[in-house]
Amino acid sequence: LKSMHQKTRYNIKLAEKKGVEVVEVGIEKFEDFWSLLDQTTGRDKFRPHGRSYYQAMFEVPKDEIKLLFAMYKNKPLAANILAIFGDTATYLHGGSANDDRNLMAPYALQWQSMLIAKAAGMKYYDFHGVDEEKWAGVTRFKLGFGGERFEYPGTFDLVFDQGWYAIYKMVRQVRRSF
């Protein structure tokens, strides 16, 4: 078991000392989540899924999907979507504000997410993927929390009909270009 990096512990304590608080919210705060995600995708140069993709997550029972915010003076600084299933809590998606980055809100948010998962009886906390080449900064952030790294095979398409699959791939490529 790899222990938490010293700088990660420092950043968690700094956020708590500065007054960053973590709260669980509901779908009514979706627009705040979307704003934070938009800031993150712009800053870190990756493309999010469409709004409906994230909104659909909240159609499952509340105890299976949680939306958590790191707040400072009633202002959302970071958000996580956390999935609870079996004995695992999985960090699915998140975002953080461009402002007040010195408050280290994402560190407090992930730490509190882990504590919430533990209190709910979860055995594992899954950061849902790392990749040093594609997501160097995000990967460094996640690995700072320690734990064990597991590698699983990716997802694959099983093709039964080449014609329909060709259409699917073309539509998917067009959708990704927007």
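The shortest side-chain heavy-atom distance between Trp164 and Val159 does not fall under the 4.5 Å cut-off. Counting heavy atoms from C-beta on, the side chains of Arg101 and Ser96 come closer than 4.5 Å. Side-chain contact check for Val20 versus Met104: every heavy-atom pair is 4.5 Å or farther apart. Two residues are said to be in side-chain contact when any heavy atoms from C-beta on lie closer than 4.5 Å; Met57 and Leu92 meet this criterion. Using a 4.5 Å cut-off on side-chain heavy atoms (C-beta onward), His49 and His93 make contact. A heavy-atom distance below 4.5 Å is not found between the side chains of Leu67 and Ile27. A 4.5 Å side-chain heavy-atom check between Lys142 and Val130 finds at least one atom pair inside the cut-off. A heavy-atom distance below 4.5 Å is not found between the side chains of Tyr124 and Glu148.
Ion pairing between Glu132 and Arg149 holds under the 4.0 Å rule for side-chain N and carboxylate O. Using a 4.0 Å cut-off between charged side-chain N and carboxylate O, Lys73 and Glu21 make no salt bridge.
Between the side chain of Tyr54 and the backbone N or O of Trp34 there is no donor-acceptor pair closer than 3.5 Å. Between the side chain of Lys66 and the backbone N or O of Asp63, no donor-acceptor pair lies under 3.5 Å. Remark: the backbone N or O of Asp131 is paired with a side-chain donor or acceptor of Thr139 at under 3.5 angstrom.
Ring orientation note: the planes of Phe30 and Phe33 are tilted relative to one another, at an angle of 30° to 60°. The aromatic rings of Phe145 and Phe141 sit perpendicular, their planes meeting at an angle over 60°, well past the 30° parallel limit.
Asp126 and Thr88 are not linked by any side-chain donor-acceptor pair at a separation below 3.5 angstrom, with hydrogens and angles left out of the test. For Tyr165 and Asp157, the side-chain atoms include at least one donor-acceptor pair closer than 3.5 Å. In this structure, a donor-acceptor pair under 3.5 Å is present between the side chains of Tyr125 and Gln110.
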>> Assess the residue pair Lys13 and Lys18 against the criterion (side-chain contact (heavy atoms from CB on, under 4.5 Å)); give the C-alpha distance rounded to whole Å, side-chain angles, the decisive distance to 0.1 Å, and a yes or no.
In response: CA-CA 9 Å; Lys13 289 177 183 171; Lys18 295 283 186 176; over 6 Å; no

>> Assess the residue pair Leu109 and Leu68 against the criterion (side-chain contact (heavy atoms from CB on, under 4.5 Å)); give the C-alpha distance rounded to whole Å, side-chain angles, the decisive distance to 0.1 Å, and a yes or no.
In response: CA-CA 7 Å; Leu109 181 58; Leu68 304 165; 3.8 Å; yes

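Nearest heavy-atom pair, Thr41 versus Pro48, reported as atom, atom and distance to 0.1 Å: CG2-CD, 3.7 Å.
Within 6.0 Å of the CZ atom in Arg140, the count of heavy atoms belonging to other residues, nucleotides or ligands does not exceed 12.
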